[in-house]
Amino acid sequence: MFKNQNELIKQLTDKQIVQNLYFTQLLLICFSFVLGIFLFHDVYEFFQLYHIRDFQFIYYGIGTALFVIIVDYIIFKLAPKDLVDDGGINEKIFQKRSIPHIIFLTALIAVSEEILFRGVIQTHFGLWIASLIFAVLHFRYLSKWLLFIMVISISFLLGVVYEITENLYTTILAHFLIDLIFAIQIRVQYVRGENI
């Protein structure tokens with residue numbers, strides 16, 4: 001089932017991939033606000049998620065991102081290629097994007113996913129539920145056990161960091177930096193491959 005979905009995604013044109021990505025992220029933002037209306041006592045409580053208490057979130061966000069990037073780099077270097085191959089989906093999403101577009105996309109993804117998974121779901125249903133739903137919604141990794149474990153682990157780590165800092169900006173920043181570094185790496189590899 002998941003292999004068929006991955007094949008369908010790979011058959012999309014570049015424009016369709018970007019349109020689907022934007023649609024999905026906007027859907028997550030809308031879903032977050034609808035859930036927020038029902039789960040929080042009032043709108044003020046929901047918007048308290050976005051209150052900046054201090055700027056320590058910058059250190060925690062950067063530190064978390066660096067940790068994940070280093071661990072992922074080691075795993076990708078040591079693991080057999082077939083265990084860490086997502087079928088080229090990430091390449092299809094990011095390889096032809098400009099750097100400003102990559103920055104915008106990864107920021108949108110980080111904001112939309114962190115509002116939903118940490119801000120709404122984890123706040124009301126707990127760390128484990130948020131991490132499992134996050135992993136399951138990244139369905140393209142379900143057919144690859146190592147990638148699936150990595151996604152759950154990253155989600156769990158972001159959840160723990162959110163619990164420690166009680167600051168949604170920490171996980172938004174970490175998520176953004178993780179995605180940004182890997183997306184830029186995909187773009188750079190693509191550009192170098194074309195110029196050879």
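Residue numbers start at 1 and run along the sequence shown.
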* Roughly how far, to the nearest 0.5 Å, is CG of Leu147 from CG of Asp72? ->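 Result: 9.0 Å between the selected atoms.
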* To do: Kindly indicate whether a cation-pi arrangement holds for Arg187 with Phe182, taking the cut-offs as under 6.0 Å to the six-membered ring centre and within 45° of the axis.
  =>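 So Arg187 doesn't make the cation-pi contact.
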* When clusters are formed by joining ILVMFWY residues with side-chain heavy atoms under 4.5 Å apart, either directly or through shared neighbours, do Leu26 and Val34 land in the same one? ->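 Leu26 and Val34: separate clusters.
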* To do: Provide the closest heavy-atom pair for Ala65 versus Leu177 in the form atom of the first, atom of the second, distance.
  => CB-CB, 3.6 Å
* To do: I would like to know whether Leu137 and Phe117 meet side-chain contact (heavy atoms from CB on, under 4.5 Å); could you show each step before the answer?
  => CA-CA 11 Å; Leu137 288 180; Phe117 295 108; 3.5 Å; yes
* Backbone of Gln16 reached by a side-chain donor or acceptor of Asn20 within 3.5 Å ->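 Looks like yes, one N/O pair under 3.5 Å.
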* So do Leu158 and His175 actually touch side chain to side chain, heavy atoms under 4.5 Å? ->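 Answer yes - side chains close enough.
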* Without hydrogens or angle criteria, can the side chains of Glu91 and Gln189 be said to hold a donor-acceptor pair below 3.5 Å? ->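 Their side chains do not contain a donor-acceptor pair, so the 3.5 Å distance test is not met.
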* **Spacing of Phe176 atom CZ and Glu114 atom CD [to the nearest 0.5 Å]** =>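 The distance works out to 13.0 Å.
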* Can you tell me how far the CZ atom of Phe94 sits from the NE2 atom of His101, to the nearest 0.5 Å? -> 9.0 Å
* Donor-acceptor contact below 3.5 Å, side chain Thr170 vs main chain Ile58 ->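 Not a single qualifying donor-acceptor pair exists.
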* Drop me the distance from Ser32's OG to Ile37's CD1, to the nearest 0.5 angstrom. =>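 These two atoms lie 11.0 Å from each other.
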* Asked: Quick one: does Ser155's side chain have a donor or acceptor within less than 3.5 Å of a partner on Val151's backbone?
  -> no
* Asked: Does the Glu45 side chain pair with the main chain of His41, one donor and one acceptor, at a distance under 3.5 Å?
  -> yes
* To do: For Val160 and Glu163, run side-chain contact (heavy atoms from CB on, under 4.5 Å): C-alpha distance rounded to whole Å, both residues' side-chain angles, the deciding distance at 0.1 Å, then the answer.
  => CA-CA 5 Å; Val160 168; Glu163 300 255 324; 5.6 Å; no
* Distance (rounded to the nearest 0.5 Å) between Leu83 CG and Ile75 CD1 ->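 Rounded to the nearest 0.5 Å, the CG-CD1 separation comes out at 11.0 Å.
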* Structure fact -> Sorted by chain and residue number, the side-chain hydrogen bond (donor to acceptor under 3.5 Å, both in side chains) partners of Gln48 (sequence neighbours excluded) come out as Tyr44
* For Ile102 and Ala183, work out which heavy atoms get closest and say how close. => CG2-CB, 3.6 Å
* To do: Using the rule that two of Ile, Leu, Val, Met, Phe, Trp, Tyr join whenever any of their side-chain heavy atoms come within less than 4.5 Å, decide whether Tyr60 and Ile69 are in one cluster.
  => no
* Same cluster or not: are Leu173 and Phe55 linked, directly or through other Ile, Leu, Val, Met, Phe, Trp or Tyr residues, by side-chain heavy atoms under 4.5 angstrom apart? -> yes
* Might you confirm whether atom OH of Tyr59 has over 12 heavy atoms from other residues, nucleotides or ligands at distances under 6.0 Å? => no
* If you take all heavy atoms of Gln56 and Asp54, which pair is closest and at what distance? ->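 In terms of heavy atoms, the two residues are closest at N-OD1, 2.9 Å.
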* What do the steps show when you test Ile109 against Glu113 for side-chain contact (heavy atoms from CB on, under 4.5 Å), and what is the final call? -> CA-CA 6 Å; Ile109 291 166; Glu113 291 185 359; 3.7 Å; yes
* What do the steps show when you test Leu116 against Ile29 for side-chain contact (heavy atoms from CB on, under 4.5 Å), and what is the final call? -> CA-CA 7 Å; Leu116 178 61; Ile29 290 171; over 6 Å; no
* Asked: Any side-chain heavy-atom pair from Phe76 and Met150 closer than 4.5 angstrom?
  ->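 Side chain of Phe76 against side chain of Met150, heavy atoms only: contact under 4.5 Å found.
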* Asked: If you take all heavy atoms of Leu146 and Ala79, which pair is closest and at what distance?
  ->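 Scanning both residues completely, I find the closest heavy atoms to be CD2-CB, 3.7 Å.
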* ring-ring contact (aromatic ring centres under 6.0 Å, His included) involving Phe46 - partner list, sequence neighbours excluded ->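 Here the qualifying residues are Phe33, Phe40, Tyr50.
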* Linking I/L/V/M/F/W/Y whenever any side-chain heavy atoms sit under 4.5 Å apart, do Leu78 and Ile70 land together? -> yes
* Structure fact -> CD (Gln122) and CG (Leu168) are apart, to the nearest 0.5 Å, by 9.5 Å
* Asked: Are a donor atom and an acceptor atom from the side chains of Thr106 and Arg97 found within less than 3.5 Å of each other?
  -> no
* Asked: Does one hydrophobic cluster hold both Leu105 and Ile99, with members joined at side-chain heavy-atom distances below 4.5 Å?
  ->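 Yes; tracing contacts between hydrophobic side chains, which count when under 4.5 Å, links both residues.
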* Aromatic plane relationship, Phe156 with Trp128 - under 30° parallel, 30 to 60° tilted, over 60° perpendicular ->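 Answer is tilted, since the angle falls between 30° and 60°.
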* Please check if atom CZ in Phe148 has more than 12 non-hydrogen atoms from other residues, nucleotides or ligands closer than 6.0 Å. => yes
* Using 30° and 60° as the class limits, which term best fits the ring planes of Phe57 and Tyr169: parallel, tilted or perpendicular? ->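 Rings of Phe57 and Tyr169: tilted, as their planes differ by 30° to 60°.
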